[in-house]
Amino acid sequence: MLGLLPTAAEVAAYEQDERPDAWEQLVQQVLSSPHYGERWARYWLDLVRFAETNGYETNRERPNAWPYRDYVIRSLNDDKPYDQFVREQLAGDVTGVPEATAYLVAGPYDLVKSPDVNLTLMQRQNELDDMIGTTSTVFLGLTVGCARCHNHKFDPILQRDYYALQAVFAGVQHGDRQLPQTAVQVEELQRSGARMAEISKLLKPWRVAGAEQREAVSVRGNEESFAPIRARFVRFTIAATNSGEPCIDELEIFSDGQNVALASGGATVTASGTLPGYEIHQLKHVNDGIPGNARSWISSESGRGWVMVELPEVREISGFVWSRDREGRFQDRLATKYQIEAAEQPGQWRGVATEAGRAPPGAVPAEPQYDFQSATAAEREVLEKLLREHQSLQSRFRQLQSVGTVYAGTFQQPGPTHRLFRGEPAAQREVVGPDTVAVLGSLGLDLQSPEQQRRAALADWIASSKNPLTARVIVNRIWQFHFGRGLVSTPSDFGAAGARPTHPELLDWLSMELMENQWALKHIHRLILHSRTYRQSSVPRAEGMERDGGTEWLWRFPSRRLEAEPLRDCILQVSGVLRRDMYGPGFSAFQVELENVRHYYPKQQ
């Protein structure tokens, strides 16, 4: 249930518990553990094809995918009603849980687009097919994807039904989305920042000189502050990158809090050279006020280049901000060594900032070091307590700041969706409106329905207690994860080509129990864990093995293998090195070589 071993003390406590409901109390304790959500979230994340890289040949990272994982863990720990859980993942931007829509784009994404329009259209069809196939199998146990090129060969699912579902998802695009910070988060950030500043001031006399590092350079943005200096010309010279020619999407120069580098304000730019042949990579983009790779500049020299901004007049400046891709979709071509210079006239250059003091790219900056040796014992106790508080606040502060972006897709109003003859993008047939599998019902939408309304309507239809499949499919999955095999042994195919349920009345009863108990998944867990079927021995009997060697009829508890993840966690647990802190960006076991096609190597330390 938790994927971890019970401690010796927990085993002894249970053995000595003489209460008649000792088992029921243990079940409640397990279901209340925060590790329950972590363990069962793994099953769900596997089902919905969650990954933190794009896949395909470039296999770029998705550094902002983790909020969805945290959302799933919290939802399971809170015993969120399953119908609500379904609705949020399909239309969380409607229900106030925007990170939940990461479900829609959790699958693979081919970001390398071809100049061949037919191939590009097929890539888009594959993206939509991933959403259709996952939604139909995970929530409904239907293989709707089989109707992409023709009517389903076994089930009453028409090719038109497939493209009706495609019209529902046609406005969904892969990518990051900014999340609005809640009032509670803003208040906590302000409170934490003020307290950290207060503690830093108290600890400053004890700081070891030269031990502190600044944040590593980031594609999303980098800020340099310096003593005010009068300047009309500002030059940004790049001496090295993490790969390829340097790319800049936006440069900003600040005077009295105002960005004076904008072209709209009269500033002009020159450069060492621009990579030819790319309309989206032009020098004019570096100060147009529009961030993102699609409006950026790329140098004509590998690993080096410079950009100079000429202001309309001499200004007193004190800040410089630059970024490679503020949308965070591209991690290559990032400047890692650079110098910023300012001058009132060309040739009078004065250096104002470099990358010196920053942590290496991809590394967490080294924290300030403190020496309390000269403090009294009483002072040292207070100082160490303050340091621990600062570290805790800083960890939470960074987490709150990074929650602002999530890989949860972007949405736009789609154009018309056509049924495609044999699934060929170039072979368009009649226009199809947003809807669901006709034999099961209708969403009641028209051709011009707003994009958000389409997903919300599908979510409501799937999560309805009138839907004959939703509850049956999820209780069957819970049974499968407990016993190694579902009551329907093809858990993602409840159609004619799937297996018949071994215990159809039990499947129906469990689905009714779920819906009549506020769609609470923990209620189904309790029913199963309290049952004699679950609590029976797994010791085989000759007569049973002869009649039912696969234990299909559950005459004993079926033996099953422990998966890799809990096996690894148990090894770390008994070794005393298992980290139990929850939430936030995950740990990667790989060192990434930031080439266009990513190379992943196991970390050595």
Polar contact flag, side-chain donor to acceptor under 3.5 angstrom, Tyr338-Glu224:
yes
Classify the ring geometry of Phe320 against Phe236: parallel below 30°, tilted from 30° to 60°, perpendicular beyond 60°.
tilted
Using only heavy-atom distances, determine whether the side chains of Gln452 and Asp93 contain a donor-acceptor pair under 3.5 Å.
yes
Would you say the side chains of Gln28 and Ser32 form a donor-acceptor pair under 3.5 Å?
yes
Can a donor-acceptor pair be found, under 3.5 Å and without considering hydrogens, that links the side chain of Asn59 to the backbone of Arg598?
no
Consider only side-chain N and O atoms of Tyr43 and Glu563, and report whether a donor and an acceptor are under 3.5 Å apart.
yes
Quick one about Gln89 and Tyr71 (side-chain donor to acceptor, distance below 3.5 Å, no hydrogens or angles considered), yes or no?
no
Parallel, tilted or perpendicular: which fits the ring planes of Phe372 and Tyr370, with parallel below 30° and perpendicular above 60°?
parallel
CZ of Arg39: more than 12 outside heavy atoms within 6.0 angstrom?
yes
Determine whether a donor-acceptor pair (N or O, by modelled atom type, separation under 3.5 Å) exists between the side chain of Lys337 and the backbone of Ile238.
no
So, applying side-chain hydrogen bond (donor to acceptor under 3.5 Å, both in side chains) with Arg177, which one of Thr410, Thr405, Thr101 is it?
Thr101
May I ask you to establish whether Arg49 and Tyr103 are in a cation-pi arrangement, using a distance under 6.0 Å from NZ or CZ to the six-membered ring centre and at most 45° from the ring axis?
yes
Looking only at atom types and distance, does a side-chain atom of Asp569 sit under 3.5 Å from a main-chain N or O of Leu4, one as donor and one as acceptor?
no
Relative to the ring of Phe233, is the ring of Trp349 parallel (under 30°), tilted (30 to 60°) or perpendicular (over 60°)?
perpendicular
Would you check if Leu104 and Phe169 make a side-chain contact, meaning some heavy-atom pair closer than 4.5 Å?
yes
Ring centroids only, cut at 6.0 angstrom: are Phe85 and Trp44 within range, meaning strictly under it?
yes
Check: Ser323/Arg326 side-chain N/O donor and acceptor closer than 3.5 Å:
yes
